[in-house]
Amino acid sequence: GARSQAVSRVPRRPLAASKPSAMAVYITYVKNGEGEADAVAVMQGGEWLRNIISAQQGPDAGKEFDDKFKELAADLENNQCYGPVFDLFVEHSEELFTAIPEARGEDRVKEVESFFALALSMLLMSEETEHMDSATTRLCELLTSTTQQQPELRLRLLMNLYNTFPPSLEFRYRVFKYIISYASDANLFDQVMPYLEFLDAWMADWEMYKYLSLDDKRTLFLDLSRCVRAIGKRVDSFQFLKRYHQLFQGEANPLKGAQEHEATVQLLKDAIQIPSVIQFDDILAYDTVKALAKTKEGDLVKLCEIFFTGTVNDLRDFHKKKEALFKEYGFEIEDAMSKIKLLTLATMVRSRSEMSLEEVATGIEESQDSIEPWVVRAISEGVIDGRIDQLNHKVLVKSAFQRKFEKDEWNFLDEAFL
């Protein structure tokens, strides 16, 4: 179905076409899913790796590897035990990344990718869960050991590793965590961003197979929030942070540690500073935020409450008393005033089909000469749905953003539909 297709889609960057080596041709057969690793393909891979080792470390090192490899591969066709050969391959794989020349290294990159495709196929054929567990971790550690050599290739190989495992295997989630961490460390997180749209489908599988705990989900959303914030996507970061806080609902002690405390402060800073955030009822309902209200950072919650139900005057009075708070967190009163004016405008026109521009100007404490740009901004940002009647100096309103939805608002709706 659609979800299974989404789950199987993993980011890969196609490489420039070039004439592949014999080994690459052989293993591309495996990589494309047309077959599994077999003894012939493994022998090809071992021969290729021996040549790389000989070129880099000398003939003696190549012979030492070859002796070990031949000993393990001698009866491979009989016992089908690929684990020891996989371990040997991984043990000698770190140097592969240094074997790629800086100039015109596309052919070698293709060969390295093909070699790892063979290794991944061998990994899947392991019948021992314990070995697959340790081998997966070992391979992830190898690929993430440095961001200085071939980071894009390393990230691509991690993504291929993720795609190797079916959803039923818990290693998939573990590899995803490595991908997130490495992409961020290597400043390549923008390459991961497009695939986060599949996150909910992937998480549904992880939960279905019962290897995603509540703590895992919290850690994942907090990590994602930090990673996307690091590449300048603050709104996306805020959305992941909200999902983190939703997972604390019903907790007896939602601010049990410094991490939870800091994440709650960050959530409120984002809500206050991001211009597009105009909804505050959901945030104020979080148990983490309610708990923060009882701490020394409680004034952050009070400021959010003003955005929820307050007026321009309420914000002005709060700022006079709490100027130190604005300085501490880098809040600009002009930005805060812009937000409260738009929200006040939404409240003013809530139950009206039209309102004079003069009345709007008075309500948000702006001069009549400057009120039209405010109304235009409110319309463009979705605070109100309507238009300006310039001939009659009015704003005509179809609907407006609902700052809160409680008993009075339900009564208003009842009357509107009578």
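Quick note: residue numbers are just sequence positions, from 1. Bear in mind that the values here come from a model prediction, so they are computed numbers and not experimental data.
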T295 (side chain) donor-acceptor with A291 (main chain) under 3.5 angstrom: no
Check: A361 main-chain N/O paired with Q368 side-chain donor or acceptor under 3.5 Å: no
Would [X] and [Y] pass as an ion pair if we require N to O under 4.0 Å?
X	Y	answer
E111	R108	yes
E359	R352	yes
K233	D190	no

For the atom pair [atom1] ([X]) and [atom2] ([Y]), what is the distance rounded to the nearest 0.5 Å?
X	Y	atom1	atom2	result
S370	I364	OG	CD1	7.5 Å
L139	L158	CG	CG	7.5 Å
F165	L120	CZ	CG	7.5 Å
L49	E91	CG	CD	10.5 Å
L247	H245	CG	NE2	10.0 Å
E170	D216	CD	CG	10.0 Å

What pairs with [X] under side chain to side chain donor-acceptor pair (under 3.5 Å), at least two apart in sequence or on another chain?
X	answer
D215	none
Q246	Y286
R229	S237, D270
R138	none

E358 CD: over 12 foreign heavy atoms closer than 6.0 Å: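 No.
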K217 atom NZ: more than 12 heavy-atom contacts under 6.0 Å: yes
Evaluate the side-chain proximity of [Y] to [X]: yes if any heavy-atom separation is below 4.5 Å, no if none is.
X	Y	result
I179	V175	yes
R156	V109	yes
D223	K177	yes
F240	L199	yes
L315	V312	no
D282	K242	yes
Q239	V228	no
K339	V277	yes

Parallel, tilted or perpendicular: rings of W202 and F198 (30°, 60°):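 F198 and W202: tilted rings.
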Using a 3.5 Å cut-off and no angle test, enumerate the donor-acceptor pairs between side-chain atoms of residues 180-188 and protein atoms at least two apart in sequence or in another chain.
from, atom 1, to, atom 2, distance (Å)
Y182, OH, T146, O, 2.8

Residues which pass side chain to side chain contact (heavy atoms under 4.5 Å, CB included) with S399, listed by chain and number, not counting sequence neighbours: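 S399 satisfies side chain to side chain contact (heavy atoms under 4.5 Å, CB included) with D385 only.
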Contacts of type side chain to side chain contact (heavy atoms under 4.5 Å, CB included), residue A400, not counting sequence neighbours: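 Listed in chain order: V349, I384.
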Nearest heavy-atom neighbours spanning [X] and [Y]:
X	Y	result
Q266	R234	NE2-NH2, 4.2 Å
M122	F86	CE-N, 3.4 Å
P84	C81	CD-SG, 3.5 Å
A271	I283	CB-CD1, 3.7 Å
L118	A41	CD2-O, 3.5 Å
S93	F116	CB-CZ, 3.9 Å

Full working for side chain to side chain contact (heavy atoms under 4.5 Å, CB included) between R174 and F171: CA-CA 5 Å; R174 191 189 313 167; F171 313 119; 3.6 Å; yes
Pairs involving residues 304-316, ordered by first then second residue, that meet side chain to side chain donor-acceptor pair (under 3.5 Å) (sequence neighbours left out):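 Applying side chain to side chain donor-acceptor pair (under 3.5 Å) to every pair that reaches into residues 304-316, excluding sequence neighbours, yields T311-D314, N313-R316, R316-E365.
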Working for side chain to side chain contact (heavy atoms under 4.5 Å, CB included), residues F318 and L325: CA-CA 10 Å; F318 181 85; L325 179 82; 3.8 Å; yes
Can you confirm whether the side chains of [X] and [Y] place a donor and an acceptor under 3.5 Å from each other?
X	Y	answer
T344	T347	no
D389	N392	yes
N253	E251	no
E141	Y178	yes
E372	Q390	yes
T98	Q149	no

Sole residue of D299, L300, L303 in side-chain contact (heavy atoms from CB on, under 4.5 Å) with L268: L300
Pairs where residues 256-269 contributes a residue and the test salt bridge (Lys or Arg N to Asp or Glu O under 4.0 Å) is met, not counting sequence neighbours: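 Found none.
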Qualifying ring pair (Phe, Tyr, Trp, His ring centres under 6.0 Å) pairs with a residue from residues 249-284, counting only residues at least two apart or across chains: F280-F307
Over-ring placement of R403 relative to F308, 6.0 Å and 45° cut-offs: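 No, R403 and F308 do not form such a contact.
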Quiz item: cation-pi between R172 and Y162, 6.0 Å / 45°: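 Yes, cation above the ring, under 6.0 Å and within 45°.
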Residue pair S145, R154: steps toward the side chain to side chain contact (heavy atoms under 4.5 Å, CB included) verdict: CA-CA 9 Å; S145 60; R154 289 172 184 266; 3.4 Å; yes
Non-neighbouring partners of Y173 that pass ring-ring contact (aromatic ring centres under 6.0 Å, His included), sequence neighbours left out: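 ring-ring contact (aromatic ring centres under 6.0 Å, His included) list for Y173, sorted by chain: W206.
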With F248 via ring-ring contact (aromatic ring centres under 6.0 Å, His included) - residues at least two apart: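 So F248 forms a ring-ring contact (aromatic ring centres under 6.0 Å, His included) with Y244.
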Check against side chain to side chain contact (heavy atoms under 4.5 Å, CB included), W374 and V395: CA-CA 11 Å; W374 281 99; V395 54; over 6 Å; no
Aromatic ring proximity F69/F89, centre distance under 6.0 Å: yes
